[in-house]
Each structure stands twice: as C-alpha cells, then as structure tokens.
Number of protein chains: 2
Amino acid sequence: MTTMKAAQKRAQAKVEYNAFLAGCPSRQLLDRISDKWVVLILCALGGDTSPGRPAAAHADAPKAMRYSELSRLLAGVSQKMLTQTLRSLERDGLLTRTVTPTVPVTVSYELTDLGLSLHHLTRGLRSWAQTHMAEVLANRENHEVGTP
Amino acid sequence: MTTMKAAQKRAQAKVEYNAFLAGCPSRQLLDRISDKWVVLILCALGGDTSPGRPAAAHADAPKAMRYSELSRLLAGVSQKMLTQTLRSLERDGLLTRTVTPTVPVTVSYELTDLGLSLHHLTRGLRSWAQTHMAEVLANRENHEVGTP
DNA sequence: GTGCCTACTTCCCGACAGGAAGTTTCTCTC
DNA sequence: GAGAGAAACTTCCTGTCGGGAAGTAGGCAC
C-alpha cells in the first residue's frame, strides 16, 4: 500500500505560505487573465486590431465593439465562450456591457480604465508573439530534429 | 494549401501576422503563452519569487531551478502539467533543460534570452494582478448584488 | 534486501471547452 | 396574420484536457 510517511509530510509542507500559492488572491486573478480569450478580447477592445506592427506609436484608440463584431474578429471563439468570457470580464470591472434596445437588441462592450490598464500588457503579449514567432518556430523545428 | 495561386498568396501576405486569425502562427503562440502555468513558470524562473510586493523591481535575477523546486513553488500544479508545460517551453526555446547525472538525477531549468524577454511581460501581468486585485474584488461584489 | 530519493510516465476520471441547435423579441414581408 | 429574419444569447451533448494517484529507473542509506 501507500507508504504515507514522508510523502504526506512533504505534501503538507507544500501548502505553507507562498506567493505562488493557489489561495493567494493575486494568483486567482492571474489565472483569470492568463486566458487566451481574455487576452484577445482585451486586444480587440483596446483598438489593437491592425495586423501589421503594433510596435509603432499607434495610438491605441479603445473602441466599443458589438457582440457580433467581436465574434467575427476573434475567429475561432465559440459563442458560449465569448459570452462567458465577456461576462466574467464585466463582473471583474474590466469592461462595460451596454444594451441598446434598438430593433434587434444591440449590445456593445467597452473597456473601463481598469481594463485599459491591463490592455497595455496584453498588447505587449500580442506584440511579443508576433515579433518572436519566427524564432519560436525555428526552435520548434530544431527540437523535432534533436529528439527522435 | 498546396496549390495556391499568386492572387491568394498576395492576399495572405497582405494580412501579415495577425493574432486574431485562428490559423496564424502568432495566434497559436499567443494561445500557448496565455496559459496560467506558463506565466507562473516564467515568473518563477525569472526570479520573481518574492511573495509580498513585486512593486519594487529588485528581484530581477533569473535563476535556474530544479524540477522539485518548481513543483514546490508552484503549489497546485500537477506533476504531469509541470512536465508537459516545461517540455513545451523548452521546445519553443524559452528555457533550457539541463540534466546532471548525479546520484538521483538532477534536472534544472533556466530561461533563455527569449524566455527572459517574455518574462518581462509575465512579470507585468503578475504585478498587475497584485496591484488591481482589490479593485477587481470590489467590482465582483458589486456585480453579485446587481444580478440576483 | 527494503526503502527512498528525483524526475518523470501512465492510467483513470471528472470537469470544462467547443459545436450546433433552440430561444427571445422585435420588425418587415408576403 | 403567419412566417422569415436578425442579434445576442442559452442549452445540450460530446470530445478533449487537466488533476490525482500510482507506477518506473537506479543508485545509496540502513
């Protein structure tokens, strides 16, 4: 059977206080914003929609976007995930959801100041991904050769 | 994909690397780095291990860490996920894996320059999470009241 | 020999993401 | 006035993915 002598002691020692602990609130928040859809939504609402190079001082014009606009821009996102992610971001105060009771109801989402401050970081992530993509792809191929 | 007319090629070149497109490599890379374990591992290997306040940008010493050190620091990560994430990061050239054939074999991981450049961003994410945590929690409670 | 150490690997299962179809509420058309 | 249609979801089913725990190698301490 299981020898729970040192193993359990170790497991308990593991749960001592630590900045990277699951119980730390910052960890929970980090888990939330470390999500691919969150990053993409923030990039989209931050006005980071130009494909070329966001490195330039391309004034990030935060613009409100409708649900269908986001759905079209973030190719590959399911409607469920888009709704779910938007709701959680709204709940956390990163964006506002505005319903306009027009003919077919229109819903637009816009970043708050809080969301905007995080957008600067996600913009950096997207920029990094586009900048270092070739490097990463090269490393990936080298590794496939190196590990037969 | 194989038989591509010149017009199509030009159309694709026109779009450059856009992380919003599902098929774009930069999007795949963004998906990979937008992962909670990736962010935490990069923070750990970047030397961002001070629990209290990373506001002071002093703990910027990238240090090599062993598998068991990471496992202990990133409480909550399963061994499977840790191994899997480390391997993919190694494959992408973000960190190096060094095996030292000591008594029990010792494996240490260290950030490469590429991983270090990304670490600056993940550090920002962690810093943002800790800075705006209270704000987010307040918004969250307000919303629970607003949606019965 | 038995057990333990590190750094994994494998198996199983529950949870969650994705896809598609259904819902609601309006207006315009036939 | 019945039906189509449009926007923004919501619900259901299913496949995949992550977590937990047990198993593996192989040298050393007892």
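Proteins come first, then strands; the chains are lettered A, B, ... in the order of their sequence lines, and each starts at number 1.
What separates OH of A:Tyr67 from C1' of D:dA6 is a distance of 14 Å, to the nearest Å. We find that CZ of A:Arg72 is positioned 8 Å from P of D:dA7, with the value rounded to whole Å. In this structure, B:Leu82 places its CG atom 8 Å from P of C:dC8, rounding to the nearest Å. Taking atom CG of residue B:Leu70 and atom P of nucleotide C:dT6, one finds them 14 Å apart after rounding to whole Å.
Rounded to 10°, the angle separating the first-five-pair axis and the last-five-pair axis of the helix from C:dG1-D:dC30 to C:dC30-D:dG1 equals 30°.
A:Leu45 places none of its side-chain heavy atoms less than 4.5 Å from the side chain of A:Glu110. No side-chain heavy atom of A:Leu121 sits under 4.5 Å from any side-chain heavy atom of A:Ile33. Inter-residue side-chain proximity for A:Leu86 and A:Tyr67 is flagged as met; some heavy-atom pair is nearer than 4.5 Å. When side chains are defined from C-beta on, A:Val39 does not count as touching A:Lys36, because their heavy atoms never get closer than 4.5 Å.
If you check every strand for non-hydrogen atoms under 4.0 Å, A:Thr102 touches nothing. Nucleic acid contact for A:Ser71: none, since no nucleic acid atom lies under 4.0 Å from a heavy atom of the residue.
Dashed line: the shortest gap from a side-chain N or O of B:Arg87 to OP1 or OP2 of C:dT9 is under 4.0 Å. The side chain of A:Arg66 contributes an N or O atom lying less than 4.0 Å from OP1 or OP2 of D:dA8. Here B:Tyr109 reaches the OP1 or OP2 of C:dC8: one of its side-chain N or O atoms lies under 4.0 Å away.
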> Which parts of nucleotides 14-25 of chain C does protein reach within less than 4.0 Å, heavy atoms only, written one letter per nucleotide 5' to 3' as B for base, S for sugar-phosphate only and - for none?
Replying inline: ---BBB-B----
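Contact between A:His119 and A:Cys43 at its shortest, heavy atoms only, is CD2-CA, 3.9 Å. A:Val105 and A:Pro101 make their closest contact through CG2-CA, 4.4 Å (heavy atoms, listed as atom of the first residue, atom of the second, distance).
When the nucleotides D:dA7, C:dT9, D:dC9 are ranked by their closest atom to the side chain of A:Arg97, D:dC9 comes out on top. Taking every side-chain heavy atom of B:Ser68 into account, C:dA7 is the closest of C:dT9, D:dT10, C:dA7.
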> Between A:Ser127 and A:Arg123, does a side-chain hydrogen bond (donor to acceptor under 3.5 Å, both in side chains) hold up when you go through it step by step?
Replying inline: CA-CA 6 Å; A:Ser127 178; A:Arg123 198 156 82 107; over 6 Å; no
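Distance alone, capped at 3.5 Å, places no donor-acceptor pair between the B:Ser108 side chain and the B:Arg66 backbone.
To the nearest 0.5 angstrom, B:Arg87 atom CZ is 10.5 Å from B:Gln84 atom CD.
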